[in-house]
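Starting from 1, each residue takes its place in the sequence as its number.
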Amino acid sequence: MEIKGKATEKESRSPKFTLPVDSEHKATEFRLFSVAAPHMRAFHLSWVSFFACFVSTFAAPPLLPIIRDNLNLTATDIGNAGIASVSGAAFARIALGTACDLFGPRLASASLILLTAPAVYFTSIASSPTSFLLVRFFTGFSLATFVSNQFWMSSMFSARAVGTANGVAAGWGNLGGGATQLIMPLVFGLIRDIGVLKFTAWRIAFFIPALFQTLSAFAVLIIGKDLPDGNFRPLQKAGAKPKDKLSKVFHNGITNYRGWILALTYGYCFGVELTVDNIIAEYFYDRFDLKLHTAGIIAASFGLTNIVSRPAGGLISDAVAKRFGMRGRLWALWIVQTTGGVFCIILGRVESLGASIVVMIVFSLFCQAACGLTFGVVPFVSRRSLGLISGMTGGGGNLGAVLTQLIFFKGSKYSKETGITLMGVMIICSTFPICFVYFPQWGGMFCGPSSKTVATEEEYYLSEWNTEEKEKGLHQASLKFADNSRSERGGRADSETRPTDEIPSTHV
């Protein structure tokens with residue numbers, strides 16, 4: 001242990017990296033205003049590209065009062081298009097997660113962004129409810145870049161900083177959902193003011209998010225790195241990173257029940273956020289008889305709170321983990337998301353404009369912080385199938401948005417205020433299963449670690465590899481991750497020294 005400790009200390013001072021690193025060369029600190037390669041450069045590329053995809057996907061809602069008049073859209077048409085915009089990404093996220101495991105986040109992310117960019121351009125020629133639905137459907141696939149966003153951060157930052165990195169990267173990316181509520185009405189207004197007819201102006205406006213999305217993909221591809229030590233392919237060719245098998249990654253991920261629970265609960269924090277992005281501008285516009293620009297500004301405040309709310313969730317996750325370990329992360333997630341559900345119920349019941357705005361902002365803070373808290377837990381569910389677990393969880397967010405919009409906001413079965421109230425009830429109910437997430441080496445919400453004599457991080461993460469794979473040394477990265485994740489024991493880990501006979505011989 002002493003020899004290993006010295007090696008790790010030496011690595012942390014390696015001149016190869018600007019930030020201090022652990023034995024996997026993952027950064028142990030998160031420096032927001034740094035652009036140092038590869039860690040902080042990956043962070044900035046990740047959130048900017050995800051931001052661009054959010055802007056594209058939700059560019060239509062703030063202009064719906066204009067678009068619906070031009071294309072003769074009914075309430076059902078608008079509801080179907082909203083559902084379409086988030087449905088495709090539910091399955092795309094699982095596929096992209098697997099692609100990240102096999103090919104790396106850089107190539108996976110840039111490929112998807114470039115494949116979906118044409119749909120944004122084609123929005124400008126939509127001429128019917130069907131074509132409008134189709135372009136929103138294909139544009140929405142780009143939201144799957146959330147998975148590469150989180151996978152990339154989990155590949156670049158260690159256990160001590162991963163919650164913060166994930167929270168800020170996703171939170172700032174999600175800002176696109178709020179920023180587009182300001183950007184698109186502004187761009188539309190500028191184009192109309194130079195003399196373009198309004199039914200033409202909204203079409204031209206879509207070239208702005210389309211171009212932004214395209215440029216972000218090239219930036220990721222050209223100047224990004226998959227891992228601290230380089231890109232997947234060169235590292236695999238050099239033998240520094242073993243090439244994994246799709247069947248193994250997939251089987252290992254889908255058989256881990258923790259991933260399915262997090263997918264469910266994420267469906268009612270991020271899924272709710274997507275739902276609100278689709279409905280909130282029209283809700284304020286219709287219910288309080290506001291101007292388009294005014295409704296857009298109010299709606300933007302929901303998404304723009306991501307600048308602090310989701311990062312705060314990541315920070316809270318890391319902070320409570322220092323004292324209470326994984327159990328603290330789970331408790332914080334349950335409390336914050338349940339509180340968000342309560343405020344969602346209140347939002348649907350208040351009747352004044354001022355009160356609605358205040359409650360909406362408070363609701364957004366808790367809802368988005370819960371998203372950050374979720375991805376404070378996700379990186380520890382699996383080392384081998386990190387991308388797939390991230391994809392399952394992210395896909396659950398999109399699926400939750402689809403179900404919520406189908407049940408509460410499609411057509412005229414419920415008024416929007418009633419739908420919002422019932423959505424709050426769903427949040428509270430769907431958050432309860434967090435109680436069943438349990439790690440044998442760390443425990444769960446209501447009980448501590450397993451009483452087994454060998455309930456260790458090494459045992460948990462090495463169980464993802466069979467004997468033959470271990471003999472080939474394919475498990476070495478998981479072994480390093482297991483050692484670096486001991487901090488999830490909480491404060492007691494600082495004073496605990498693991499007996500040397502608990503460490504597998506493969507560690508030497």
Check your understanding: Are F439 and F380 close enough that their ring centers fall under 6.0 Å?
Key -> no
Check your understanding: Centroid-to-centroid, W331 to F446, below 6.0 Å?
Key -> yes
Check your understanding: Should F270 and N398 count as side-chain neighbours, where that means a heavy-atom distance under 4.5 Å?
Key -> yes
Review point. Does any N or O in the side chain of S49 come within less than 3.5 Å of the main-chain N or O of L45, such that one atom is a donor and the other an acceptor?
Key: yes
Point to revise | Heavy-atom pair of closest approach, residues P311 and G171 | key: CD-CA, 4.1 Å
Study note, to complete from the structure: Heavy-atom closest pair (V220 atom, A110 atom, distance to 0.1 Å) is CG1-CB, 4.3 Å
Practice item. Could you walk me through whether F43 and F157 pass ring pair (Phe, Tyr, Trp, His ring centres under 6.0 Å), step by step? Key: CA-CA 10 Å; F43 161 74; F157 293 90; 7.3 Å; no
Practice item. Using a strict cut-off of less than 4.0 Å between a Lys/Arg side-chain nitrogen and an Asp/Glu carboxylate oxygen, indicate whether R160 and E29 qualify as a salt bridge. Key: no
Review point. Would a 4.5 Å heavy-atom cut-off, applied to side chains only, mark L353 and L290 as touching?
Key: yes
Review point. Could you go step by step and tell me if Y121 and T214 meet the side chain to side chain contact (heavy atoms under 4.5 Å, CB included) rule?
Key: CA-CA 10 Å; Y121 288 106; T214 303; 3.4 Å; yes
Point to revise | Nearest-0.5 Å distance that lies between atom CZ in R258 and atom OG in S382 | key: 10.0 Å
**Study point:** Contact summary for S356 and V350, nearest pair of heavy atoms
**Key:** OG-CG2, 3.4 Å
**Study point:** Enclosure of R349 CZ (heavy-atom neighbours >12, cutoff 6.0 Å)
**Key:** no
Check your understanding: Should I361 and V358 be marked as a side chain to side chain contact (heavy atoms under 4.5 Å, CB included) after you check the CA-CA gap, both sets of side-chain angles, and the distance that decides it?
Key -> CA-CA 5 Å; I361 292 174; V358 171; over 6 Å; no
Practice item. Give a yes or no on whether the backbone of A401 and the side-chain of T404 come within a donor-acceptor separation of less than 3.5 Å. Key: no
Point to revise | More than 12 heavy atoms from other groups under 6.0 Å of CZ on F432 | key: no
Point to revise | Closest non-hydrogen atom pair, T28 against S158 | key: CA-OG, 3.4 Å
Check your understanding: At what distance, to the nearest 0.5 angstrom, does CE of M360 lie from CD1 of I420?
Key -> 10.0 Å
Check your understanding: Looking at CG of L365 and OG1 of T339, how far apart are the two atoms once the value is rounded to the nearest 0.5 Å?
Key -> 12.0 Å
Practice item. Quick one: do T374 and C269 satisfy side chain to side chain contact (heavy atoms under 4.5 Å, CB included)? Show the steps, please. Key: CA-CA 9 Å; T374 300; C269 55; 4.1 Å; yes
Review point. Is D69 salt-bridged to K198, going by a charged N under 4.0 Å from an acidic O?
Key: no
Review point. With no hydrogens and no angle check, is any side-chain donor or acceptor of H44 less than 3.5 Å from a backbone partner on F33?
Key: no
Review point. Any idea which heavy atoms bring G167 and R310 closest together, and the distance?
Key: O-CG, 3.4 Å
Point to revise | F91 atom CZ: more than 12 heavy-atom contacts under 6.0 Å | key: no
**Study point:** Distance in Å, I280 CD1 paired with Y285 OH, rounded so as to fall on 0.5 Å steps
**Key:** 15.5 Å
Check your understanding: E273 and N306: side-chain donor and acceptor closer than 3.5 Å?
Key -> yes
Exercise for review: Could you tell me whether the side chain of T57 reaches within less than 4.5 Å of the side chain of S142, counting heavy atoms only?
Suggested key: yes
Check your understanding: Short question: side chain of Q213, backbone of C53 - any donor-acceptor pair under 3.5 Å?
Key -> no
Point to revise | Expected output: side-chain S385 to main-chain L388 donor-acceptor under 3.5 Å | key: no
Check your understanding: Tell me, do Q150 and L386 make a side-chain contact under 4.5 Å, heavy atoms counted?
Key -> no
Exercise for review: Kindly check if the number of other-residue, nucleotide or ligand heavy atoms within 6.0 Å of CZ (F218) is above 12?
Suggested key: no
Check your understanding: Between the main-chain N or O of I183 and the side-chain N or O of T180, is there a donor-acceptor pair closer than 3.5 Å?
Key -> no
Check your understanding: Going by the angle between their ring planes, with limits at 30° and 60°, are F50 and F146 parallel, tilted or perpendicular?
Key -> tilted
Point to revise | Side chain to side chain, N278 and R136, heavy atoms closer than 4.5 Å | key: yes
Exercise for review: Start with the C-alpha gap between S148 and T145, add the side-chain angles, then the distance that decides, and say whether side chain to side chain donor-acceptor pair (under 3.5 Å) holds.
Suggested key: CA-CA 5 Å; S148 54; T145 51; 5.3 Å; no
Check your understanding: Does some side-chain heavy atom of S46 sit less than 4.5 Å from a side-chain heavy atom of M153?
Key -> yes
Review point. Looking at CG of L64 and CG of D77, how far apart are the two atoms once the value is rounded to the nearest 0.5 Å?
Key: 11.0 Å
Review point. Checking Y438 side chain against C447 main chain: does a donor-acceptor pair fall under 3.5 Å?
Key: no
**Study point:** Student check: side-chain heavy atoms of D193 and F188 closer than 4.5 Å
**Key:** no
Review point. Mind checking whether L186 and L182 have side chains closer than 4.5 Å, heavy atoms only?
Key: no
Review point. So F366 and F343, ring pair (Phe, Tyr, Trp, His ring centres under 6.0 Å) or not? Walk me through it.
Key: CA-CA 9 Å; F366 281 96; F343 277 99; 5.8 Å; yes
Review point. R203: what forms a salt bridge (charged side-chain N to carboxylate O under 4.0 Å, His left out) with it, not counting sequence neighbours?
Key: none
Review point. Which atom names give the shortest non-hydrogen contact between A159 and S487, and what distance separates them?
Key: CB-OG, 3.7 Å
Check your understanding: Hey, does the side chain of W172 reach the backbone of F51 with a donor-acceptor pair shorter than 3.5 angstrom?
Key -> no
Practice item. Walk me through it: do R68 and D286 pass the test salt bridge (charged side-chain N to carboxylate O under 4.0 Å, His left out)? Key: CA-CA 13 Å; R68 71 185 179 188; D286 290 335; 3.7 Å; yes
Check your understanding: For the atom pair CE (M445) and CZ (F436), what is the distance rounded to the nearest 0.5 Å?
Key -> 10.0 Å
**Study point:** Any donor-acceptor N or O pair under 3.5 Å, side chains S317, R329
**Key:** yes
Practice item. For side chain to side chain contact (heavy atoms under 4.5 Å, CB included), just list the numbers for R93 and M392, CA-CA rounded to whole Å, side-chain angles, deciding distance to a tenth of an Å, and then say yes or no. Key: CA-CA 7 Å; R93 287 186 171 197; M392 288 166 56; over 6 Å; no
Check your understanding: Looking only at atom types and distance, does a side-chain atom of W334 sit under 3.5 Å from a main-chain N or O of C435, one as donor and one as acceptor?
Key -> no
Check your understanding: So, T305 and S364: side-chain donor and acceptor under 3.5 Å apart, yes or no?
Key -> yes
Point to revise | Check: F151 main-chain N/O paired with S154 side-chain donor or acceptor under 3.5 Å | key: no
Exercise for review: Give a yes-or-no answer on whether the side chains of W47 and N149 include a donor-acceptor pair shorter than 3.5 Å.
Suggested key: no
Point to revise | side chain to side chain donor-acceptor pair (under 3.5 Å) between S390 and T393, worked out | key: CA-CA 5 Å; S390 298; T393 306; over 6 Å; no
